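Only a predicted model underlies this, so the values are computations on that prediction, with no experimental measurement involved. Letters A, B, ... mirror the listed sequences (proteins, then strands); counts begin at 1.
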Amino acid sequence: MIKFFNQHIENFLVKESGYSKEDVILIKDKYKTEITDDLKKGHITTNIGLVSGSVTGTNPKEAAEALKKNLINLDGVDQIEVAGPGFLNIFLNRLYFVNLITDSLNAKKAYGTSNLGEGKKIQIEFVSANPTGPLHVGHGRGAAFGDALGRILEASGYEVSKEYYINDAGRQIDILTVSVLLRLFKCFEENSFPSSGYKGKYIIDISNEIDKKDCINENQLKTIISNLPSDPEEEIDALIRNFKNEAIELWEHTKNKSLNVVLGLIKEDLAAFKVDFNNWFYESSLGAVGDKDSKIYSAINQLEKSGQAYKEEGALWLNTENVGDDKNRVLIREDGRATYFAADVAYHKDKVDRGFDRLINVWGSDHHGYIKRIESSLEGLGFSKESLHVQLVQFANLFQGKEKIKMSTRSGKFFTLRDLMDEIGVDAARFYYLSKQADQHLDFDIELAKSQNKENLIYYIQYAHARICSLQNKYIELNDSLPTSIKSIEDGAYLACDKLIHEASKFPGVVERSAVALQPHLLVFYLRDLAHQFHSFYNDNPVLKESKENQESILQSLNLVRLVIANGLNLLGIDALEKM
RNA sequence: GCGCCUGUAGCUCAGCUGGAUAGAGCAACUGCCUUCUAAGCAGUGGGUCAGGAGUUCGAAUCUCUUCAGGCGCGCCA
């Protein structure tokens, strides 16, 4: 409908307005046509008069009047008002208004989808937590966000690929491995366990699954744990070195086993959280810098050849200052080992090589200083940094009522995503995460997320859906099947649903905006508003006491509201409830 | 010190590609169940949109600046 009017407006601008070509281009760029917030302003409104007026220096109201004359005779238009400083408010005739219901109901699950993305390939990389322990509540937010974004973009016509980057190659994995080995051989008392190691209970669980205990003897163990440095970081590094020296086979076995167990936990949790990935990318698959056939070698080699990377003080540096980074960054350390950054550069090159039109990285906001580096590396490799969008997600603080739940990863005391799911349920958790803009701090209040009242939006929205389902069931009991007629709305005899239909007609626009802005929370607030319109209607209108014809029209309108809520929740990865 | 983010009702937050009277919920006060789910609805009070300047026909929204808070600035990942 909006497209229809925009075509006529642009046609008018080009052929009849008398504006210069340059002005027309400027106007086209700036004006907007949208569904009104309030039916008093008609169904559709455009600021074209104001924009034309400001661009051409003419009176906005006169510009609006001229266009009004042009649009008033269009099919579907009942009347047009020039309002306020120069808005054009368009009132549709009943037939067109009613078409909104039938068209949307016919579209069913497809209502709200579009071809905005034109099949472009878009990759979303998210969660990507180090596989050193179970996911915690912080990761849950990224998971809910990335997954919802994927659903929204897919509904908007993008070909979406969701990916998890597994950091299986670095020091963190070594620390995981050594932590498991220390538990396996019970090397330390509880209070002297290396403070840099992982102490969660899952480490002990993993150690119980290692069956190669006899690969190492008492003397070797003694060597490994004696003469350790006092600095915690040096201590853990020494232990890693010692284990590798004494029992490389055991080391590798334990490392693989630990990684697989932890990754298994992560995958289970994500599946339970209804988050599916298309691809799990292993950092180790990038290979070693020393290997000329590896992806990491090839990426770095390319940067060196193009002059972006240079040697200094024995290390290989990437010039990232050229995109505004504070300082240049090291790719290959003095001792020849690649940095995490180098692997990430190769990873991003690989992403682009795989043919994605757009890349979205969902990162914890503590990584924001890292963005410029990656952008610089992309430019250095000859790609446009515009193809990458980094969406930062702030961490979530957990509250139980007013009390903050403290978490410490090191000590292994933390509230896991699994705990959260057990406590409040998957859908309530997903919804709560999505109910605030991703890059803002979120206080996750478990009490609130469990509460069953209006303050907890998920219940409010679900309640609207369930109420409609319940009405539908009652109606079916009395009439065998749902109605198909909307006669009394069509001929204007019954108007009480108009606000609801109008609100429901905004849905595709909201999906589109949340796809463009990459903001699922827009959907949350829209659904709240729609639910509110419904509850209000429901309270004022005893539906099943209406005339037969009115009932039919109402049931059809409410079915539309129900469809929008169900489709909207589905885009957030949440199932709509038929009963509560 | 440099960079990024935030500051809207007593509290928690929407609104921000500039637009028509700044919105919800909670809390306070008042009404509404012999009726389809009261997990709800309706109403009242509450705002110099942190302060200041600028751009504009028009600014919560854009620019600059001040103040306040958060985060990031490793040859860690």
- Query: What form does the base of B:C29 take, syn (within 90° of 0) or anti?
  - Reply: anti

- Kindly check if the number of other-residue, nucleotide or ligand heavy atoms within 6.0 Å of NZ (A:K450) is above 12? yes

- On a whole-Å scale, what distance lies between the C1' atoms belonging to B:A59 and B:U35? 49 Å

- How many Å lie between OH on A:Y459 and C1' on B:A38, as a whole number? 17 Å

- Note on the structure: Of the candidates B:A38, B:U35, B:C75, the side chain of A:V330 sits closest to B:C75

- Below 4.0 Å: OP1/OP2 of B:A38 and any side-chain N or O of A:K454: no

- Query: Strictly by modelled atom types, are A:Y31 and A:N6 linked by a side-chain donor-acceptor pair under 3.5 Å?
  - Reply: yes

- Task: Take atom CD of A:E546 and atom C1' of B:C36, then tell me their distance rounded to the nearest Å.
- Result: 12 Å

- Message: To the nearest 0.5 Å, what is the distance between CD on A:E283 and CG on A:N130?
- Response: 8.5 Å

- Query: Reading RNA chain B 5' to 3', what string of ( ), [ ], | and . shows its pairs, if Watson-Crick and G-U wobble pairs count only when both distances fall under 3.5 Å?
  - Reply: (((((((..((((.........)))).(((((.......))))).....(((((.......))))))))))))....

- Using the C1' atom on both, measure B:C26 against B:U17 and round to a whole Å. 32 Å

- Message: Please report the distance separating the C1' of B:G69 from the corresponding atom of B:U8, rounded so that it comes out in whole Å.
- Response: 16 Å

- Any donor-acceptor pair under 3.5 Å between the side chain of A:H368 and the base of B:G3? yes

- Item | Rounded distance in Å between the P positions of B:U66 and B:C2 | 10 Å

- Query: Is any side-chain N or O of A:K327 closer than 4.0 Å to OP1 or OP2 of B:G3?
  - Reply: no

- Task: Please measure how far the C1' atom in B:U61 lies from the corresponding atom in B:U6, and state the result in whole Å.
- Result: 15 Å

- Note on the structure: To the nearest angstrom, the CZ-P distance between A:F395 and B:G72 comes to 9 Å

- Message: Counting the atoms with a prime plus P, OP1 and OP2 as sugar-phosphate, which does A:A466 contact under 4.0 Å by heavy atoms, base, sugar-phosphate, or nothing?
- Response: base

- Item | Residue among A:L88, A:L67, A:I27 satisfying side-chain contact (heavy atoms from CB on, under 4.5 Å) with A:I9 | A:L67

- Query: Hey, does the side-chain of A:D37 have a donor or acceptor N/O within less than 3.5 Å of a partner on the base of B:A20?
  - Reply: no

- Message: Nearest to the side chain of A:K436, heavy atoms from C-beta on, is which of B:G15, B:A77, B:C13?
- Response: B:C13

- Query: Are OP1 or OP2 of B:C41 and a side-chain N or O of A:Y460 less than 4.0 angstrom apart?
  - Reply: yes

- Message: If I take atom CG from residue A:L116 and atom CD1 from residue A:I152, how far apart are they, to the nearest 0.5 angstrom?
- Response: 12.0 Å

- Task: Please answer whether B:A20 and A:F87 are stacked, defined here as ring centres separated by less than 5.5 Å and planes angled under 30°.
- Result: yes

- Could you tell me whether the phosphate oxygens of B:C76, OP1 or OP2, come under 4.0 Å of any side-chain nitrogen or oxygen in A:R333? yes

- Nearest-Å distance for atom pair CD/C1', residues A:Q440 and B:C5: 8 Å

- Among the nucleotides B:C75, B:A77, B:G40, whichever has the atom closest to the side chain of A:N453 is B:G40

- Task: Give a yes/no on whether any side-chain N or O of A:S536 is located under 4.0 angstrom from OP1 or OP2 of B:A42.
- Result: yes

- Item | B:G72 versus B:G15 - spacing of their C1' atoms, nearest Å | 29 Å

- Query: A:Q172 has an atom CD; how far is it from atom P of B:A77, in whole Å?
  - Reply: 8 Å

- Query: What is the nucleic acid contact for A:N541, judged by heavy atoms within less than 4.0 Å: base, sugar-phosphate only, or nothing?
  - Reply: base

- Message: Without decimals, in angstroms, what is the distance between A:R329 CZ and B:G3 C1'?
- Response: 11 Å

- Toward the 5' end of RNA chain B, which comes first, A:E455 or A:S470, by nearest nucleotide? A:E455

- Query: For A:R528 and B:G23, what is the distance between atoms CZ and C1' respectively, to the nearest whole Å?
  - Reply: 8 Å

- Smallest heavy-atom separation, A:I296 atom then A:A346 atom, equals CA-CB, 3.6 Å

- Query: Going by modelled atom types, is there a donor-acceptor pair between the base of B:A39 and the side chain of A:S451 at under 3.5 Å?
  - Reply: no

- Between B:G31 and B:A50 - P atom distance, rounded Å: 37 Å

- Message: Judged by each residue's nearest nucleotide on RNA chain B, which is more toward the 5′ side, A:A83 or A:R513?
- Response: A:R513

- Item | Touch class at under 4.0 angstrom, heavy-atom based, for A:N47 against every strand present | base

- Message: Side chain of A:A315 only, heavy atoms from C-beta on: which candidate in B:C75, B:A77, B:G19 is closest?
- Response: B:C75

- Counting side-chain heavy atoms from CB outward, which of B:A20, B:A14, B:G15 is closest to A:L522? B:G15

- May I ask whether A:H532 stacks on the base of B:G25, given the cut-offs of 5.5 Å between ring centres and 30° between planes? no

- Message: For a quick check of understanding: with a heavy-atom distance under 4.0 Å over all strands, which category does A:Y538 fall into, base, sugar-phosphate or nothing?
- Response: base

- Message: From CG of A:D231 over to P of B:C76, roughly how many Å is that when rounded to an integer?
- Response: 14 Å

- Side chain of A:L544 only, please: which of B:A20, B:C76, B:C36 is the nearest? B:C36

- Message: Distance criterion of 3.5 Å, no angle test: do you see the side chain of A:N539 paired donor-to-acceptor with the base of B:G40?
- Response: yes

- Query: Out of A:V543, A:I476, A:I554, which residue meets the side-chain contact (heavy atoms from CB on, under 4.5 Å) rule with A:L471?
  - Reply: A:V543

- side-chain N/O A:Q437 vs B:G15 OP1/OP2, d < 4.0 Å: yes

- Write down the distance separating the P atoms in B:G18 and B:C62, rounded off to the nearest Å. 9 Å

- Item | A:E578 atom CD, over 12 foreign heavy atoms within 6.0 Å | no

- Task: Step through the shown structure and confirm whether more than 12 heavy atoms of other residues, nucleotides or ligands are within 6.0 Å of NZ on A:K68.
- Result: yes

- Task: Using a cut-off of strictly less than 4.0 Å, decide whether A:H521 has a side-chain nitrogen or oxygen near OP1 or OP2 of B:G15.
- Result: yes

- Item | Validation row, ring centre A:Y433 to ring centre A:F444 under 6.0 Å | yes

- Query: For A:H441, which contact category applies under a 4.0 Å heavy-atom criterion: base, sugar-phosphate, or nothing?
  - Reply: sugar-phosphate

- For the side chain of A:N89, starting at C-beta, report the closest nucleotide among B:A77, B:A20, B:U35. B:A20

- Task: Go through the side-chain N and O atoms of A:S514 and A:H521 and say whether any donor and acceptor fall under 3.5 Å apart.
- Result: no

- Message: ring-ring contact (aromatic ring centres under 6.0 Å, His included), that's the test. Do A:H535 and A:H532 meet it? Break it down for me.
- Response: CA-CA 5 Å; A:H535 286 305; A:H532 176 245; 8.2 Å; no

- Item | Candidates B:G25, B:G19, B:C75 - which lies nearest the side chain of A:V51 | B:G19

